[in-house]
Amino acid sequence: MIVTADRPEHLRTCLQHIEKLVPAPLEVVVVDDSSDDRMSRSLSDEFPDVRFVRHKSDSGPTPEPRHTGYAATSGDIVAFIGDDAHVDERWLGELTVPYADPRVVAVCGRVLHGIEGEAIKGRGEIGRLLPDGRLTDNFAADPGRQIDVDHQGAANMSFRRTALDAIGGIRGGYPGTGHAAESDISLRLGLTGGKLVLQPTAIVTQTATRDMLRRKRLDRRHIYYARRNHVVLLVRLFGWRDPLLTRYIWSALRDQPRHFSRLRSELRARTRQDTRLSPLQRLRVFAGPTLILTEARGLISGVFAALGARRDDRRAHHGR
């Protein structure tokens, strides 16, 4: 299943790679969250075996379009990839191997970006929930064997349908960039005692480059929602009194001076390399303090958002 919005060229290449899968998937569902249906109409003729589903809210990479796609599928195993992900020909076959173990409720694979050393970096901390409440990614790293994980990456993940149905499916409450939405699913499954694993031979290549990943780290909108949604995630899953929440907030505040120093060095390097930046752009580049304020705003907003999310979760639970 793929969620996409106004990126027809990315989606076309993604679907071309899916056509080469051996074995072939039972079904391919694309949720089109674009501003209009032109992309769905044009690509549906090109890929007649793909089912296109419209999600008309234009809400971006949030859980709601993903839930729409999940509801439209029928397979026992439901896999999700990004619209800019290119699957390896053996991806699906490798991804489903661990499900032979009935304890396994979710399987993810590696997500490569073509960056030197990514197969080694973070190899000891792939998809972990740390004692200070942070979540590690490192999904490009190759552990050399199947390993247990605490959560999955959105670009290459899958779930056993019965297990996902048992926890109420995919829930919303993670707006903006959709950060933490996929971790919410995984961690809830883990709390039920389910086994989540990384299958390193199930590989997709994402077209993001090193520069794109760096810009994401510096994007204020991304930083704000990363902090906001992470606080909401921890409160919804573990409650207000759990030490994971206080440790996460404390670690976020403690890291600010080091974070600012690293950003300043990185941004100075960028301005030296790019002489095309205007004076105004150079000024913005050194606006490190605003990034720190953005993180603080995200943490505070997350606390208030968590109050509403917990209330909504209780109402949904009592309404079942």
Side-chain angles (χ1 to χ4, degrees), residues 10 13-14 17 21 79-99 101 104 106-158 177 179-180 182-183 185-187 190 195-219 222-223 226 230 247-248 251-252 254-255 258-270 272-273:
H10 282 284
T13 306
C14 176
H17 280 80
L21 281 172
F80 300 80
I81 61 172
D83 64 356
D84 60 347
H86 302 167
V87 297
D88 181 84
E89 290 184 9
R90 302 180 302 156
W91 167 74
L92 185 58
E94 297 294 329
L95 191 72
T96 54
V97 167
Y99 285 109
D101 182 347
V104 172
V107 180
C108 63
R110 295 174 62 209
V111 182
L112 309 184
H113 300 98
I115 298 174
E116 184 178 356
E118 63 182 356
I120 299 174
K121 184 178 180 181
R123 189 161 51 188
E125 287 189 337
I126 303 174
R128 307 307 300 184
L129 172 63
L130 300 180
D132 64 1
R134 290 180 298 127
L135 291 166
T136 67
D137 292 326
N138 302 320
F139 291 110
D142 184 3
R145 58 183 175 83
Q146 181 181 303
I147 62 170
D148 291 350
V149 294
D150 296 321
H151 76 112
Q152 306 184 86
N156 186 5
M157 64 181 184
S158 68
T177 59
H179 178 85
E182 62 279 355
S183 299
I185 307 170
S186 299
L187 293 174
K195 184 179 176 67
L196 294 83
V197 302
L198 168 77
Q199 173 68 303
T201 53
I203 297 172
V204 306
T205 300
Q206 205 166 22
T207 54
T209 63
R210 186 189 296 269
D211 288 340
M212 290 173 64
L213 295 174
R214 182 186 294 118
R215 285 196 297 270
K216 188 176 182 180
R217 292 200 306 271
L218 301 176
D219 181 76
H222 173 78
I223 292 170
H230 200 99
R247 290 172 188 164
Y248 174 73
S251 67
R254 183 189 59 207
D255 288 346
R258 182 167 67 245
H259 177 62
F260 174 64
S261 177
R262 179 175 57 81
L263 285 174
R264 185 173 57 185
S265 298
E266 185 174 270
L267 293 170
R268 278 177 173 171
R270 287 181 60 194
R272 285 196 296 266
Q273 294 170 3

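Bear in mind that the values here come from a model prediction, so they are computed numbers and not experimental data.
By the 4.5 Å heavy-atom criterion applied to side chains, L112 and Q206 are not counted as neighbours. Here the side chains of L95 and N156 are in contact, with some heavy-atom distance below 4.5 Å. The side-chain heavy atoms of P143 and I126, taken from C-beta on, include a pair separated by under 4.5 Å. At least one side-chain heavy atom of K195 sits under 4.5 Å from a side-chain heavy atom of D148. Within the 4.5 Å cutoff, side-chain heavy atoms of D142 are placed close to those of P200. At a threshold of 4.5 Å between non-hydrogen side-chain atoms, the residues H230 and L135 count as touching.
With R110 contributing its side chain and A141 its backbone, the two residues share a donor-acceptor pair below 3.5 Å. With hydrogens and angles disregarded, a donor-acceptor distance shorter than 3.5 Å links the side chain of Y99 to the backbone of V107. Between the side chain of Q199 and the main chain of G109, no donor-acceptor pair closer than 3.5 Å is present. The backbone N or O of T136 lies less than 3.5 Å from a partner atom in the side chain of H151, making a donor-acceptor pair. The backbone N or O of L129 sits nowhere less than 3.5 Å from a side-chain atom of R134 that would complete a donor-acceptor pair.
Nearest heavy-atom pair, P98 versus Q146, reported as atom, atom and distance to 0.1 Å: CG-OE1, 3.4 Å. Pairing each heavy atom of C14 with each of I81, the nearest pair is SG-CD1, 3.7 Å. Between V149 and C108 the shortest heavy-atom distance is CG2-SG, 4.2 Å.
Distance CD1/I203 to CZ/R90: 7.0 Å, rounded to 0.5 Å. Taking OG1 from T205 and CH2 from W91, the interatomic distance works out to 12.5 Å, rounded to the nearest 0.5 Å. In this structure, CD in Q152 is found 6.0 Å from OG in S158, a value given to the nearest 0.5 Å.
Residue pairs meeting the salt bridge (charged side-chain N to carboxylate O under 4.0 Å, His left out) criterion with at least one member in residues 121-130, sequence neighbours excluded: R128-D150.
A search for salt bridge (Lys or Arg N to Asp or Glu O under 4.0 Å) contacts involving D137 returns nothing, not counting sequence neighbours.
Ring geometry for H86 against H17 counts as parallel: the plane angle stays under 30°, on a 0 to 90° scale with 60° as the upper cut.
With ring centers used as reference points, H113 lies 6.0 Å or more from F139.
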